[in-house]
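Remarks on the structure that follows.
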Amino acid sequence: MEAGGAEVVPIHYMTPKEELLVLLDKLNGVLFPGGGNPINIENKWTQTADTILQYAIRVNKEHPDKPFPLWGTCLGHELLLYLTGGKDRSILDDVENQHGTINTIRIENEQSRVLHILPANLKKKLSAEPGVEYYYHVKAIL
């Protein structure tokens, strides 16, 4: 992140909620990295991530002109899937060391903040032609 010009501000999962919300007001997004923590709403790590997610949802609704993005890589992606999927672990399928060929992107919203800048031919290729996915993760949504 720093190599790309960002100033990185670590967020410790044990930060009290009131302090966390003050910190989030000073940031312009959060990256949930990979790792090996268990995902369960009963643990503090997942609860802190849920607080961040709820903050981002609220801020993005209140200020659509100033987005507060969240990004999840590896375990961070699994965490966001769990939290947005009703905190139900069954939403995550076991995919450890699997691979397959499927359509990788379903583009339903032409107004997407991320996908709207893609050229039409690339949108078509990504949404209509088979792609390849390799799962080097433990969980995913299939």
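Numbering starts at 1 and runs along the sequence shown.
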- Non-neighbouring partners of Tyr82 that pass side-chain hydrogen bond (donor to acceptor under 3.5 Å, both in side chains), sequence neighbours left out: none
- Item | Residue pair Leu79 / Ala49: nearest heavy atoms and the distance that separates them | CD2-CB, 3.3 Å
- Query: Under the salt bridge (charged side-chain N to carboxylate O under 4.0 Å, His left out) rule, what pairs show up with a residue in residues 17-27, not counting sequence neighbours?
  - Reply: none
- Would you say the side chain of Pro33 lies within less than 4.5 Å of the side chain of Thr73, judging by non-hydrogen atoms? no
- Can you tell me how far the OG1 atom of Thr15 sits from the CD1 atom of Ile52, to the nearest 0.5 Å? 8.5 Å
- Message: Give me the atom names and distance for the closest heavy-atom approach of Gly34 to Cys74.
- Response: CA-CB, 3.8 Å
Pair up each side-chain donor or acceptor in residues 36-48 with any protein partner under 3.5 Å, not counting sequence neighbours, and list the distances.
{"unit_1": "Asn40", "atom_1": "OD1", "unit_2": "Glu42", "atom_2": "N", "d": "2.8"}
{"unit_1": "Asn43", "atom_1": "OD1", "unit_2": "Trp45", "atom_2": "N", "d": "3.3"}
{"unit_1": "Asn43", "atom_1": "OD1", "unit_2": "Thr46", "atom_2": "N", "d": "2.8"}
{"unit_1": "Asn43", "atom_1": "OD1", "unit_2": "Thr46", "atom_2": "OG1", "d": "2.8"}
{"unit_1": "Asn43", "atom_1": "ND2", "unit_2": "Pro38", "atom_2": "O", "d": "2.9"}
{"unit_1": "Asn43", "atom_1": "ND2", "unit_2": "Asn40", "atom_2": "O", "d": "3.3"}
{"unit_1": "Thr46", "atom_1": "OG1", "unit_2": "Asn40", "atom_2": "N", "d": "3.2"}
{"unit_1": "Thr46", "atom_1": "OG1", "unit_2": "Asn40", "atom_2": "O", "d": "3.1"}
{"unit_1": "Gln47", "atom_1": "NE2", "unit_2": "Ile41", "atom_2": "O", "d": "3.0"}
{"unit_1": "Gln47", "atom_1": "NE2", "unit_2": "Glu42", "atom_2": "O", "d": "3.4"}
{"unit_1": "Thr48", "atom_1": "OG1", "unit_2": "Tyr13", "atom_2": "O", "d": "2.6"}
{"unit_1": "Thr48", "atom_1": "OG1", "unit_2": "Lys44", "atom_2": "O", "d": "3.0"}

- Item | Qualifying residues under side chain to side chain contact (heavy atoms under 4.5 Å, CB included), relative to Leu27, sequence neighbours excluded | Val9, Ile11, Leu23, Leu24, Phe68
- Query: With ILVMFWY side chains joined below 4.5 Å, transitively, what does Met1's cluster contain besides itself?
  - Reply: Val8, Leu31, Trp71
- Message: Applying a strict under-4.5 Å side-chain criterion to I, L, V, M, F, W and Y, I'd like to know whether Ile57 and Leu21 cluster together.
- Response: yes
- Query: Tell me, do Leu53 and Val30 make a side-chain contact under 4.5 Å, heavy atoms counted?
  - Reply: no
- Sequence-distant partners of Glu62, salt bridge (Lys or Arg N to Asp or Glu O under 4.0 Å), two or more places apart: Arg58
- Task: Find the distance between CG (Asp88) and CG (Leu83) and round it off to the nearest 0.5 Å.
- Result: 12.0 Å
